[in-house]
**Q** 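Structure in structure tokens, see below.
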Amino acid sequence: WLLCTIEREANNEEILCSNHFGYHFSRLHYIHLMTSLTSQESIATKKAFEQFAADHSIQIKQYLADNGCFADNAFKQHCFQQHQTISYCGVNAHFQNGIAERAIRDITDAARTMLLHAKARWPSAMHLCLWPYAVRMAVYIYNTAPVLLDGKSGNTVPKWSPRSRLGLNLGPSPSHARTVNLVLNLFSGLVSPQFHCRYDDFFETTKHSHQDVVTQANWKQLAGFVKYDGTPTVQDRLSRSAQHVAPIGTSSTPLALNSVQFSQDPSSEDDSDSAINLPDFMQDSEGAHDESTNDSDTTLPTAGISSRGRTRKLSRAMQDSISQRDFYGIRGMHYMGNRAINTVPHDAEEECIHEHDAQLELQERMRHPIAFHAEMMGDTMYFHQALQQPDAAEFVKALIKEVNGHIENKRWKLVKRSEVPKDVDIIPSVWSMRRKRNLTTNEITKYKSRLNLHGGKQVYGMNYFDTYAPVVTWFAIRIIIDISILFQLALRQIDFIQAYPQAPIETDMYMELPKGIETSHGNSKDHVLMLLSNLYGQKQAGRVWNSFLVEKLLSIGFQQSLIDECVFYRDDIIFIVYVDDGIFLGQDDCKLTDVINEIKRTGLDIEDQGHPADYIGVTITKHSNGYFEFTQWALLDSIINDINIGDAYTKPVPAKASMQLHAFKDSPKFSDCNFIFKYCSVTQKLNYLGQTTHGDILFATHQIAKYSSDPSKEHGVAIIYLVRYLKTRHLGLKFHPDPSQGFECYCDADFSGNWNRGNAQIDPSTAKSRSGWIIFYAKCPIIWASKLQSQVALSTTEAEYIAMSMALSHSCYGPS
């Protein structure tokens, strides 16, 4: 092993072994690394140990050792000179020195475990040459860990029991410091002051989905408030002198978990044929079941219905996914496990908790309006849906053009299915059809057909790895426009033609022939496509294209911004890009033309679209006085047409001040009313409008979007009210900068503005305050937001501080 030191040059001495010394009285152990097995090296280790002992006022008088180097004459002579005696173990009698042998085993096991753990977590940095340091660390832990007189290291926790316990906070203790609270032990039923606790004011650590061993509250029975057969009361327990009540964090009798058992069902022909018997802790814990209840009536989770009409039974992987959904979240679950829990009936409280979590997730998704808006646009459809449209012929023409484009650019190669490696999956292909519309008139301008790889069939670690790809923020877009007006700079918009396939494929992948395509060389049963380019649909397609584009831009001298990864600059030219749409900013058009031609010479296929007229869904108009205006008339018309409000009068404000939106559980459902519009689709459009050009509707839109999963009649009425306010469609976002002004930030907070005593028990978000802020640069709005605070503020001052902190973080670093 190589031992590195902190000297100026590496020490290349090889560590061959080490000598272990143990002090029998205190069980302290000492390790000294050795570079050879000579007598001189053994004596040196002996001197080092004796010096270590002398530093702690200990004098060594006797050694009990193994044979070998300790039996050398030089080592024995040194002991004689130091007036020390030495004795040896018999042959094959290591038990005579059992304390040292056991310590050696514990230390080597600990060092090996640390290295294996570090190797698994950080394989590129770890190496076996670090073994000496691992041994030293293991000895340090061995010596410093507290040990009781009986040789144990304190109260141990049962192997499969949680390492922490949940208790009920009953307020501060009257006999201790203010930081010490009284905690009710849910297992023993006793109250005691606890010093080392973390307090959960929102009850986020309790599981509402099922009764878990962590949250089983037996204290009511143990305290005598609830009696049932076989459970002693408090008086019964106190009468037992041997009974020991453990504080929070320990348990005198470990709770036993009944394991989940799986049995094979030979009658099922499905791949997932494991039947599940739910453990006892998922059943009712308040008492025994009614004897009249039939076990066959119990609703067990299933994985849906197969194509043959059979009920799918959960496999072990799906069951594990369900049991860990509280940790990984719904999006991290097995997709069929997610389907299973959605089919199991929930109680009202659990349903509200899931709704609250979904609302917080929705709030985060709404921060990215472009992707959020694209989720529900009706102009994007699959191949079979496009063929059912009245303009299906146009989609077919676009499909033929798409395929020919891939063939001409040699994006794939036709290979025989038998030539595909056996360990490589052949991934299906998916068609995505779309109508592109004019942002001003909403007329169809183009039909697009895009061939995609079915990314849902990819396997992590096999055919994809990293997937993150950045996109430009509206903060960057607005401030670029603002700067161009202030300094009278030129703007130019470009579009990358079939952007993703311009990049090479990241790893070898094979795709099935797309539907509707035939080849003269063979059919889809005998041939597949070997991808040569970064085709759309891959999980990593966006990241691969972004990396490819960044590499090209860096090669011609551009530098990437540290704040926004989609902003690049070189000399006096700035370039921003959203996937395949880019905008250049420079001193004059000639320089921008030269840069565009330079980018073309790198091999990128781009189209110069001149001055920006519309960018990612927003119409950009330059007026004669040099100022810009952002409008979305086509989107506004689309929303108004969806609602079909006709000649209804406009409203002066986006929402009724007298109406507070909440869940309205007792009201008629939105789907049962006579509304003619789709709730989610209109909500998506309103959010995109509020995030881009109409910040005045952001609060009302977020209040409506909170209840997208289960809207009621009142929520539909709120949408109609908001759309009536938007009938003033001629208004847009105007940029008229003032050179004398810099950055300005305005923020405010609404302390518990949604508080509703009647719904507080089922809707935790009513206790949360709302933050709102807007940031100006040169008197032009750059960033705005209206969102619920992530924590409960206990006063108006605290709510204001939270809002100010959130707003200033955006002022300093921009939106994250």
**Q** Which pair of heavy atoms, one from Thr631 and one from Gly732, lies closest together, and at what distance?
**A**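 Here Thr631 and Gly732 meet closest at CG2-CA, 4.0 Å.
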**Q** Is it the case that over 12 heavy atoms from other parts of the model lie below 6.0 angstrom from the OH atom of Tyr649?
**A**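 No, the 6.0 Å shell around OH holds no more than 12 heavy atoms from other groups.
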**Q** Would you give the length of the straight line joining atom CD of Gln684 to atom NZ of Lys678, rounded to the nearest 0.5 angstrom?
**A**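 Output value for this atom pair is 12.5 Å.
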**Q** Tell me whether the NZ or CZ atom of Arg570 lies within the 45° cone about the ring axis of Phe558 and under 6.0 Å from its centre.
**A**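 Yes, Arg570 and Phe558 form such a contact.
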**Q** Do the side-chain N and O atoms of Ser638 and Lys685 include a donor-acceptor pair separated by under 3.5 angstrom?
**A**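 Note: Ser638 and Lys685 side chains meet the donor-acceptor criterion.
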**Q** Could you check Asp605 against Lys600 for salt bridge (charged side-chain N to carboxylate O under 4.0 Å, His left out), going step by step and ending with a plain yes or no?
**A** CA-CA 6 Å; Asp605 188 7; Lys600 290 182 178 180; over 6 Å; no
**Q** I'd like to check Tyr707 versus Asp710 (side-chain heavy atoms, cut-off strictly below 4.5 Å). Are they in contact?
**A**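 No; the side chains remain at least 4.5 Å from each other.
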**Q** Of the non-hydrogen atoms in Lys727 and Ile645, which two are nearest, and what is the gap between them?
**A**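 So the two residues come closest at CD-CD1, 3.4 Å.
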**Q** Quick one: CG on Asp750 to OG on Ser769, what's the gap to the nearest 0.5 Å?
**A**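 Nearest 0.5 Å value for the CG-OG distance: 7.0 Å.
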**Q** Any chance NZ of Lys669 has more than 12 other-residue heavy atoms, nucleotides or ligands included, within less than 6.0 Å?
**A**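 Count over threshold, so yes.
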**Q** Let me see the working for Ile719 and Ile643 under side chain to side chain contact (heavy atoms under 4.5 Å, CB included), right down to the final yes or no.
**A** CA-CA 9 Å; Ile719 288 183; Ile643 304 300; 3.8 Å; yes
**Q** Of all the heavy-atom pairs spanning Ala700 and Pro654, show the shortest one and how long it is.
**A**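 What the structure gives for the nearest pair is CB-CB, 4.0 Å.
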**Q** Leu553 and Phe575: side chain to side chain contact (heavy atoms under 4.5 Å, CB included), yes or no, with the steps?
**A** CA-CA 10 Å; Leu553 294 174; Phe575 176 60; 3.9 Å; yes
**Q** Taking the six-membered ring of Trp755 as reference, does the cationic atom of Arg770 (NZ for Lys, CZ for Arg) lie under 6.0 Å from its centre and within 45° of its axis?
**A**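 Judged by the rule, Arg770 and Trp755 form no cation-pi pair.
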**Q** For a 4.5 angstrom cut-off between non-hydrogen side-chain atoms, does Ile775 reach Glu744?
**A**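 Of all side-chain heavy-atom pairs linking Glu744 with Ile775, none is under 4.5 Å.
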**Q** Is it true that the side chains of Thr473 and Asp564 contain a donor and an acceptor less than 3.5 Å apart?
**A**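 Yes - a donor-acceptor pair under 3.5 Å links their side chains.
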**Q** Going through the checks in order, is the side chain to side chain contact (heavy atoms under 4.5 Å, CB included) test met by Thr619 and Trp633?
**A** CA-CA 8 Å; Thr619 301; Trp633 292 347; over 6 Å; no
**Q** For Tyr468 and Gln540: C-alpha separation, side-chain torsions, deciding distance, then whether side chain to side chain donor-acceptor pair (under 3.5 Å) applies.
**A** CA-CA 7 Å; Tyr468 169 74; Gln540 74 272 31; over 6 Å; no
**Q** For a 4.5 angstrom cut-off between non-hydrogen side-chain atoms, does Leu733 reach Arg478?
**A**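 Sidechains of Arg478 and Leu733: in contact.
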**Q** Rounded to the nearest 0.5 Å, what separates atom CG in Leu604 from atom CG in Leu549?
**A**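 Reported value, rounded in 0.5 Å steps: 6.5 Å.
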**Q** What about His715 and Tyr721, are their ring centers closer than 6.0 Å?
**A**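 No - the distance between ring centres of His715 and Tyr721 does not fall below the 6.0 Å cut-off.
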**Q** What about Tyr536 and Tyr500, are their ring centers closer than 6.0 Å?
**A**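 Yes, close enough.
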**Q** Name the one of Asn597, Ile497, Ile599, Asp495 that satisfies side chain to side chain contact (heavy atoms under 4.5 Å, CB included) with Ile606?
**A**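 Result for side chain to side chain contact (heavy atoms under 4.5 Å, CB included) with Ile606: Ile599.
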**Q** Is a side-chain N or O of Glu798 found less than 3.5 angstrom from the main chain of Leu794, in a donor-acceptor match?
**A**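 The answer is yes, because a donor-acceptor pair under 3.5 Å joins these two groups.
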**Q** Please name the pair of heavy atoms, one in Val544 and one in Pro504, separated by the smallest distance, quoted to 0.1 Å.
**A**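 Answer, listing the atom of Val544 first, then Pro504: CG1-O, 3.6 Å.
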**Q** Decide yes or no on side chain to side chain donor-acceptor pair (under 3.5 Å) for Glu629 and Thr621, but give the supporting numbers first.
**A** CA-CA 5 Å; Glu629 183 178 10; Thr621 305; 5.6 Å; no
**Q** Can you see whether Gln632 engages Thr692 through a side-chain donor-acceptor pair at a distance of less than 3.5 angstrom?
**A**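 A pair is found: one side chain offers a donor N or O, the other an acceptor, under 3.5 Å apart.
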**Q** Does Ile704 reach the side chain of His702, with side-chain heavy atoms less than 4.5 Å apart?
**A**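 Result no, sub-4.5 Å side-chain heavy-atom pair not found.
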**Q** State which residues pass side chain to side chain contact (heavy atoms under 4.5 Å, CB included) with Asp571; sequence neighbours excluded, sorted by chain then number.
**A**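 Once residues adjacent in sequence are excluded, Asp571 has no partner under the side chain to side chain contact (heavy atoms under 4.5 Å, CB included) criterion.
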**Q** Just do the side chain to side chain donor-acceptor pair (under 3.5 Å) check on Ser771 and Gln789 with the steps written out, would you?
**A** CA-CA 6 Å; Ser771 298; Gln789 296 179 359; 2.9 Å; yes
**Q** Taking only residues at least two apart or on different chains, which pairs with a member in residues 542-558 satisfy side-chain hydrogen bond (donor to acceptor under 3.5 Å, both in side chains)?
**A**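 Sorted result for residues 542-558: Glu506-Arg543.
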**Q** Are Ile697 and Leu726 packed together at the side-chain level, in the sense that at least one heavy-atom pair is separated by less than 4.5 angstrom?
**A**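 Yes, their side chains come closer than 4.5 Å.
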**Q** Could you pull out all residues at least two apart from Tyr725 that satisfy ring pair (Phe, Tyr, Trp, His ring centres under 6.0 Å)?
**A**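 Not a single residue meets the ring pair (Phe, Tyr, Trp, His ring centres under 6.0 Å) criterion with Tyr725.
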**Q** Would you say Met804 and Leu808 make side-chain contact, with heavy atoms under 4.5 Å?
**A**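 Result yes, sub-4.5 Å side-chain heavy-atom pair found.
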**Q** Minimum heavy-atom separation for Ser712 and Phe664, please, with both atom names.
**A**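 Heavy-atom minimum between the residues: OG-O, 3.1 Å.
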**Q** May I ask you to check whether Tyr627 and Phe735 place their ring centers less than 6.0 Å from one another?
**A**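 No - the distance between ring centres of Tyr627 and Phe735 does not fall below the 6.0 Å cut-off.
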**Q** Atom CD1 of Ile774 and atom OG of Ser786: how far apart are they, to the nearest 0.5 Å?
**A**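 Nearest 0.5 Å value for the CD1-OG distance: 11.5 Å.
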**Q** Are Phe677 and Phe670 an aromatic pair, judged by ring center distance below 6.0 Å?
**A**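 Between Phe670 and Phe677, the centre distance is under 6.0 Å.
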**Q** Evaluate Phe675 against Val717 for side chain to side chain contact (heavy atoms under 4.5 Å, CB included), listing each step before the verdict.
**A** CA-CA 9 Å; Phe675 295 108; Val717 173; 4.3 Å; yes
**Q** Which atoms form the tightest heavy-atom contact between Val472 and Val577, and what is the distance?
**A**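 Minimum heavy-atom separation between Val472 and Val577: CB-O, 3.4 Å.
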**Q** Is there a ring-ring contact (aromatic ring centres under 6.0 Å, His included) between Phe628 and His611 once you walk through the steps?
**A** CA-CA 12 Å; Phe628 286 79; His611 189 276; 5.7 Å; yes
**Q** Distance check, rounded to the nearest 0.5 Å: Gln660 atom CD versus Gln703 atom CD?
**A**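 These two atoms lie 8.0 Å from each other.
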**Q** With rounding to the nearest 0.5 angstrom, report the OH to CD1 distance, Tyr569 to Ile576.
**A**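 Tyr569 atom OH to Ile576 atom CD1 measures 15.5 Å (nearest 0.5 Å).
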**Q** Pro501 versus Asn534: any side-chain heavy-atom pair under 4.5 Å?
**A**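 No, their side chains stay 4.5 Å or more apart.
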**Q** Please tell me if the side chains of Phe568 and Ser561 come closer than 4.5 Å, counting only heavy atoms from C-beta onward.
**A**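 A side-chain contact under 4.5 Å is absent here.
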**Q** Between Thr593 and Arg492, does any side-chain donor sit less than 3.5 Å from a side-chain acceptor?
**A**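 Present: a donor and an acceptor within the cut-off.
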